[in-house]
Structures are given as structure tokens and as C-alpha cells.
Amino acid sequence: MAQYGYFDDTQREFVITRPDTPLPWLNMLGQDEFFGLCTQTAGGYSFWKDARLRRLTRYRYNNNPMDNDGRFLYVKQGKSVWNPGWKPVRAPLDAFECRHGLGYTRIKGRKGGVEVEQLIFVPPDENVELWRVTVRNASKSTQRLSLFSFVEFCFFEALNDMTNYQRTYSIGEVEVEGSAIYHKTEYRERRNHYTLFGCTRPVAGFDTSRDAFVGVHRGLHDPQAVLAGKCTNSHAYGWNPVGALQVDLALKPGKSETFAFVLAYVEQGDLPKFDAPFVMNKARGREILAKYSDIAVVDSAFSALKGRWQDLLSTYQATHVPNPHLQRTVNIWNQVQCMATFNLSRSTSGYETGIGRGMGYRDSNQDILGFVHMLPARARQRILDIASTQLSDGTCFHQYQPLTKKGNADVGGGFNDDPLWLILSTCAYIRETGDTGILGEPCGYADKPGSKDTLLHHIETSIAFTLRNRGPHGLPLIGHADWNDCLNLNCFSKEPNESFQVTGDIAGSKAESVMIAGLFLYAARELSSLYRFLGAPGDAARLDGHYADMLRTVEEKAWDGAWYTRAFDAESRPVGSRRCEEGKIFIESQGWCVMGGAGAGNGRAKKALMSVEKHLYTPQLGCALQWPPYSTYHLELGEVTSYPPGYKENAGVFTHNNTWIHIGWTLVGDGKRALEYYLSICPSAKKDHDVYRSEPYVYSQMTASQFSPTPGEGKNSWLTGTAAWSFVVGSQYILGIRPEFDGLRIDPCIPGTWKGFTVQRRFRGVMFTVTVTNPRRKSKGMKTLLVDGRRVEGNVVPLPTDGRTAVRVEAVLGA
Ligand code: BGC
């Protein structure tokens with residue numbers, strides 16, 4: 001990895017030392033409502049809340065060169081033209097460094113004695129993105145130069161913006177005032193918002209027409225205004241509005257100048273829309289620019305961002321962990337990634353275009369598992385929003401738009417795992433906060449919007465849905481798909497223009513999912529212990545009864561001899577069974593059955609995990625999704641058989657489901673394997689980045705497996721359920737600090753060689769400092785537990801009742 005960069009854990013940064021990484025290495029900016037994607041060369045774009053409906057700047061996906069739009073600074077110094085982030089000009093630099101930090105990216109480039117530093121960030125609770133720019137003369141003579149900034153505005157609705165040119169070439173409008181460009185397309189009609197791009201110091205010129213600044217037959221690598229050394233003060237009228245501002249500087253040796261560019265999303269609210277015909281009211285924009293014209297305000301906004309992250313991460317920090325990859329991942333980058341998946345679900349990344357999918361029902365519920373400890377109040381609202389997209393018969397909209405919070409009708413529902421995930425997110429929230437009040441919150445069903453049904457009603461509806469929708473073996477019906485979106489047992493698609501996900505008649509289908517059965521076991525156990533905590537033993541017993549029935553069904557109908565069958569197809573033939581020619585064993589049913597408690601008393605859990613090891617696992621790669629991969633398309637199985645072997649759901653290493661096996665190993669007490677498997681997919685532990693290619697600091701959705709020609713290649717970084725689940729694995733199951741309804745469980749499962757470690761965990765307002773020691777070199781089990789010096793039986797630390805806000809816990813392993 002040293003050839004591209006390194007971790008600076010003290011600064012909580014990843015430092016990229018050359019710009020030409022194997023793929024663009026992305027960072028995510030923003031933590032509330034204003035977001036940005038930013039690569040090491042300043043590529044990416046910005047949006048407010050919803051990358052489809054409120055996109056502020058343009059980005060062309062799948063471009064070549066890859067990642068070719070962004071927030072660019074050009075330096076024109078004599079004849080030389082260069083970017084501090086290297087792109088788009090790609091002039092060789094004398095020095096380059098990019099530091100991706102928590103919610104910010106700092107890019108520094110030096111050439112011809114001039115250094116330009118661009119710090120890009122979104123301050124907490126503001127709808128602005130700031131670029132703090134410092135230009136330094138590092139040479140011995142005076143340097144005269146022009147700096148040009150550049151963004152290209154998007155007409156807010158991203159799909160229309162990139163498809164409907166017969167309209168969009170005729171709608172663009174801007175206004176310019178001083179050092180500020182106001183992008184106001186469609187403002188005269190129904191929009192009441194605009195984008196501001198301004199500079200906090202006087203500018204020597206501007207351009208707002210792309211044709212004028214770049215030139216029709218040129219590219220961002222040789223924009224004509226920059227080559228000429230002068231903006232043309234163009235006013236876009238239709239075509240493509242851009243924001244280009246020219247700053248002229250003369251710097252004496254050793255001198256520097258610092259100022260900022262501001263990109264803001266502004267809603268007018270109740271303010272008058274216009275000052276005069278065709279002249280918009282710019283009051284708010286002026287205020288924003290004036291505020292940040294004092295660089296001290298920019299600096300304090302950056303300090304606020306740093307403080308915000310310091311606070312967020314302080315909820316869980318481990319020290320003295322013998323494995324540095326685990327410690328770094330749990331403490332820093334995994335939590336950062338959980339923030340991104342919580343905010344963006346699967347909508348917007350280098351691989352998700354922001355127009356395809358909104359928030360996923362199952363995805364967002366799972367994302368909460370890794371996020372709830374940071375900002376429980378936001379998790380609470382999200383749970384209620386998600387629940388409101390469920391229908392009163394229990395089915396759920398599979399996706400919804402973050403801006404409108406309405407289900408996407410084109411995808412619809414019928415993914416039969418969806419309802420159950422709500423139970424996991426709700427229980428995780430209550431374990432974290434103790435706030436059982438959420439269960440009584442009214443949140444209507446999508447088909448009964450005004451209804452006052454409670455969250456608990458939704459949860460019971462979900463349980464009832466699964467119980468009601470079972471097939472010939474008594475296992476849950478799969479519908480369009482379960483967690484594996486590509487296992488489409490009712491699709492039977494012969495037509496290439498159809499969607500595998502929504503084609504096919506699920507009414508009256510017999511196809512069943514063992515994965516959903518395992519998920520049901522897990523959810524039923526969660527709910528039963530919640531009812532017990534609520535003092536409702538009758539309801540708990542009812543859930544226990546459902547649990548026992550489903551467990552019996554799983555053990556009787558789904559055990560295949562050495563592992564759990566994956567599913568039964570529409571003809572009730574097994575999928576993921578030794579009787580199949582291909583796809584004999586799948587990973588999901590092993591993970592979920594074991595997590596649901598199947599195989600616990602009869603040796604099957606261990607046996608199923610050993611089968612995973614034998615058939616699916618490769619050290620340094622992880623576990624493939626199934627084996628053997630499908631070599632031909634199967635009508636009765638759907639999309640899973642469509643990918644080339646070793647990619648995606650056709651036996652790629654789909655990292656998300658690996659995490660369930662990691663938990664499985666801790667449940668059977670194998671701490672050595674749990675860590676080894678954890679590290680097999682951990683990006684920080686990847687050794688060869690020319691092979692792995694993706695970012696070393698965040699998980700990718702998949703790694704090409706041993707069944708592909710490019711084993712070890714990471715794909716689709718950032719937005720994956722792996723983020724939340726890996727945090728659960730690392731923090732709650734390996735290091736073993738796990739919130740319970742009535743206290744904090746200390747239940748590590750670690751390699752027997754470890755001496756111990758320490759975790760600081762803020763839990764319900766109390767800071768627990770947990771020191772784990774392992775004198776007998778065991779993997780699991782508590783010998784003694786001392787809480788502030790007093791012995792406690794079992795392994796759950798109760799919450800203090802005397803108002804203490806700091807508690808010392810000493811846990812000695814080795815039962
Ligand atoms: C989807 C998940 C799904 C997974 C496996 C992801 O792309 O967002 O909802 O569980 O693929 O198919």
C-alpha cells in the first residue's frame with residue numbers, strides 16, 4: 001500500500017501520496033443534510049438531502065478518464081497551467097498530497113515554487129460547502145499568478161438534467177453580483193431555491209457560460225479561459241451554466257494568501273422571491289458570503305466539524321487491541337462509513353449514481369445497527385420514517401426517496417425479508433437508549449397515511465406477515481427476493497429488458513427462503529426479550545412459541561447433511577443443497593440460521609461453519625457467496641445466475657454476508673477464526689493495492705472471488721451493509737461490548753493469544769471504561785467481572801442507579 005498512501009491514525013486521516021490511484025479514492029463530505037463526494041483529485045459533486053432531486057453540481061458517471069468533474073482550482077502561472085489536485089490538466093506536480101479526514105478532504109499541490117492547498121468540508125448543521133484555499137509562494141522570487149475556480153451547475157433534478165437536453169439547453173439562468181454567482185434555473189417558475197457559488201475575496205473576473213470558459217471543442221483539461229489567463233465575464237442564458245471565478249495574486253517570497261470559496265444551497269422560505277422582475281432576492285446568499293468572508297469564521301466552522309467527529313467517535317474507542325487493523329477500523333473508518341451509509345443508504349457513491357435507488361428498506365434498517373450509538377435521535381426518526389413506508393398487510397416499499405419519504409412505486413414491494421429488519425433496527429435503538437417510548441409512536445402505514453398505528457403495531461404486523469406467508473415446508477415465502485436481491489425464484493425472465501427484481505408473479509408462489517427463516521428466528525428472539533424487558537411475559541411466551549415452531553421447521557426441513565439449504569424454488573426443489581449441480585452451498589442460510597440459534601445444541605452450527613470454511617473461504621479474500629458458481633443462466637433462479645462466475649451474487653465475495661459468518665464464529669466461541677475471517681475482508685489489512693484497487697479505508701460491496709480471473713479486486717466501495725455489520729462484529733462480538741436492554745454485556749470472543757484490551761463506551765450517558773484481561777489465554781467466557789471494584793455475576797454490567805457518569809469495569813476472561 002505504501003506506493004499510494006498510508007494511515008495517519010493520530011490525525012484520523014488517510015494520506016494519499018500520489019494522485020493516480022488504481023481507482024478514484026473517494027471521501028464523503030457532510031453529515032446532516034448537505035453532502036458531497038470528493039476524490040483525491042477533487043472530483044465529485046454536491047447535493048442537498050437527495051442526490052436525485054436536489055443535485056447542485058454536475059458529475060458524469062462512467063466517464064473516461066474516470067472521475068473527471070469536480071471542484072477544481074486551476075493555476076495559471078506564466079505559461080504553465082496546473083491543478084493542485086493534478087486533474088483535470090494532469091500537469092506533473094513537484095509535490096502532491098491528499099488527506100481524507102472525517103468529513104473533509106485536504107489537497108495540496110506544488111509546482112513552480114507555488115503551493116496551493118484546498119481544504120474542502122461541510123460544516124455541521126449548515127447547507128454550505130467551504131473550500132478554504134491557501135496559496136503560498138515557496139520560492140525566492142515574487143510570483144504572479146491567476147487562480148481559477150470551477151464547478152458546473154446541475155439543474156437540481158439529476159435525471160432530467162442528464163437526459164432531456166431539448167429542454168435543458170434552454171432553461172439555464174444565473175445572476176452575478178460581486179464575487180458571487182447565483183445559479184437560479186427554474187427559479188422563476190416552481191423552485192424556491194438556488195445555488196450560490198462565491199469567493200470571499202474580490203475577483204478579477206468570472207464566467208458562467210461553459211462554452212465561454214471551457215470551449216465547445218475543448219475539455220476541462222484545457223479550458224480556453226484559463227489558457228488565455230482571463231475570464232470573459234460571460235452570462236449564461238440557457239446552455240450550461242458554470243461557476244468560474246478568477247483571482248489574481250502577486251505573492252512575495254514566503255508569503256501566502258488565504259480565502260474561501262463557498263458553495264451553498266439556499267431555500268427562500270417565506271422571503272419574497274424577487275427584488276424586481278427577473279432579479280431574485282439574494283439576501284440569504286449575501287449573508288452567507290459575508291459570514292464566511294472572515295476567514296476566522298471558516299476556521300471555526302472547521303473546528304466545529306472536528307469537534308463533532310471527536311464527539312461522535314468518543315462513544316466507542318478501543319485501545320491496546322493487539323491487532324492494529326481491528327483497532328483502527330473499529331475506532332475510525334468503520335464508524336465514518338456507518339455515517340455515510342446511514343445518510344445515503346445505497347443512493348450515491350462512485351458506483352451509485354444518486355438517481356437509481358433512494359433509501360432501501362432493508363438496507364436502511366441494517367444501517368441503523370452501526371449508526372445508532374452515534375446519534376440515536378436521528379436513528380429514531382429514521383426508524384419511524386422507514387416504518388411509514390410499510391403497508392398495512394405487512395409488505396414494504398423496497399425503496400423510498402429521502403426528500404419526499406414516499407415509497408418508489410416502480411420497484412414496489414414483495415421482498416419478503418423486508419418487514420423483519422424493522423425489528424432489528426428498533427431493538428438496536430432500544431438497547432442503545434432504553435427509550436421504549438418509540439414503540440408507542442404513531443406512524444401510519446403507506447396505504448393508510450393518516451392512521452395512528454404505532455411502531456409496535458408495525459412490528460407485530462411484520463411477524464404476522466412472515467407467519468402468514470409460508471410455503472409447503474412451513475418456511476417463509478421468498479417473494480421477489482430476500483436479502484439476496486438476485487435470488488429471484490419467481491421471476492422466470494426470458495426478456496432482456498425486464499427487471500429481475502420486479503418481474504414475475506409472486507401471488508400463489510411456493511418458493512421459500514431459509515435465510516428469512518433464520519432472520520425470523522433472530523427477530524423473534526429479539527422481540528421476545530424486548531417483551532420480557534417491557535414486563536409482558538405473555539407476549540414473550542407467544543414469541544417463544546413462534547420461535548420454537550420455526551426452529552423445528554428449520555432443523556427438520558432445511559438441514560442438508562453438512563449445512564443449511566438456502567431455499568426451495570417455485571417447484572419446491574432445493575437451492576443450495578448437495579443435491580444441486582451448481583450452487584450447492586450458500587453463505588446466507590449458514591449465517592442466519594446460526595445467528596438465529598439453529599444448530600446450537602446439536603453440533604450443526606459448527607458443522608455449517610466448517611462447511612463454509614471448506615467450500616467458500618479463502619484467506620485474504622473472504623467467503624464467496626456460494627459454490628460452485630453458476631455457469632449457465634437458470635430461469636428458475638434469476639439474476640444470481642446472470643453474473644460471470646466470481647462476481648457479485650454469483651459466487652463473488654459479497655462482503656456484507658461474510659459478517660454474519662464472523663458473528664457465527666463468535667457464537668461457537670472460535671475467536672481465532674472470528675478475527676482471521678474479519679481481517680480477510682478488512683480493507684485496512686489488504687496488502688496489494690494494485691490488486692485490490694479500491695479504497696483501503698472503507699469496505700467495498702464485493703471482492704472478485706477465487707472463481708473469477710481477477711481474485712482480490714474490490715468493487716463498489718462505500719455504500720454497503722458491510723459497514724454496519726462489520727462494526728457490529730468488531731465492536732460487539734469480537735471485542736464483545738454489546739448493549740442489552742438492561743445493561744452493557746461484556747462478552748469478547750478473541751484469539752487465545754491475546755492478553756487483553758480496553759474499550760471506552762459511552763452508554764446511556766455513562767462512560768464505561770472496560771479493561772479486559774486474558775491471563776489464561778482463553779477465547780471466550782467470563783471468569784470475574786468487577787464493576788467499580790465490586791463483583792457482578794454473569795457478564796452484564798448494570799446501569800448505575802446512583803447518578804454516576806463514569807464506571808470502571810474489569811473483566812477477566814477464562815470461565
Ligand atoms: C442491495 C441489498 C442486497 C444486496 C444483496 C445490495 O446491492 O442494496 O439490499 O441485500 O445487494 O443482493
Side-chain angles (χ1 to χ4, degrees), residues 51 337-338 340-370 386 389 396-400 402 407-408 411-422 424-425 478-489 491 499-502 513 515-516 518-519 566-567 575-576 583 586-589 591-592 622-626 629-630 637-643 647-661 681 699-703 705 714-726:
Q337 192 173 1
C338 286
T341 56
F342 175 83
N343 283 320
L344 308 175
S345 193
R346 308 296 170 269
S347 67
T348 313
S349 70
Y351 308 90
E352 302 276 6
T353 61
I355 52 176
R357 309 200 246 179
M359 314 291 281
Y361 192 99
R362 79 159 75 89
D363 297 331
S364 293
N365 275 302
Q366 290 174 84
D367 294 341
I368 284 169
L369 307 180
I386 300 172
T389 64
C396 310
F397 274 107
H398 197 47
Q399 291 161 13
Y400 71 97
N408 294 346
V411 187
F415 296 77
N416 285 356
D417 61 319
D418 274 339
L420 292 171
W421 296 108
L422 183 65
L424 273 65
S425 59
I478 196 167
H480 288 307
D482 59 23
W483 172 85
N484 188 335
D485 260 336
C486 299
L487 191 60
N488 315 119
L489 304 180
C491 179
S499 148
F500 287 106
Q501 264 74 52
V502 296
S513 161
M515 182 263 153
I516 301 183
L519 177 60
R566 174 63 175 84
V575 179
F586 276 67
I587 195 168
E588 304 99 321
S589 43
W592 277 104
C623 303
L625 193 145
Q626 91 274 20
Y630 294 103
L637 301 179
E639 189 173 359
V640 68
T641 63
S642 74
Y643 289 108
Y647 273 6
K648 296 277 283 178
E649 283 87 342
N650 190 12
V653 174
F654 214 97
T655 51
H656 184 159
N657 54 43
N658 276 237
T659 61
W660 303 327
I661 300 300
I681 62 161
Y699 286 93
S700 287
Q701 180 207 50
M702 78 129 192
T703 310
S705 79
K715 268 195 188 166
N716 303 353
S717 57
W718 276 100
L719 300 184
T720 162
T722 319
W725 279 107
S726 272

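Whatever order the structure lists ligands and atoms in, that order sets their numbers, starting from 1.
A search for ring-ring contact (aromatic ring centres under 6.0 Å, His included) contacts involving F586 returns nothing, not counting sequence neighbours. In this structure Y630 satisfies the ring-ring contact (aromatic ring centres under 6.0 Å, His included) test together with H634, sequence neighbours excluded.
Between K648 and D485, none of the side-chain N atoms (NZ, or NE/NH1/NH2) sits under 4.0 Å from a carboxylate O, so this pair counts as no salt bridge.
Within 4.0 Å of ligand 1, heavy atoms belong to protein residues R346, R357, R362, D363, W483, N484, D485, E649, F654, Q701.
For the ring pair (Phe, Tyr, Trp, His ring centres under 6.0 Å) with W483, the qualifying choice from W725, W592, F654, F415 is F654, the only one to do so.
A distance-only check finds a donor-acceptor pair linking the side chain of Q337 to the backbone of Y699 [under 3.5 Å].
Residue pairs that meet the salt bridge (Lys or Arg N to Asp or Glu O under 4.0 Å) test with at least one member in residues 347-358, sequence neighbours left out, are E352-R357.
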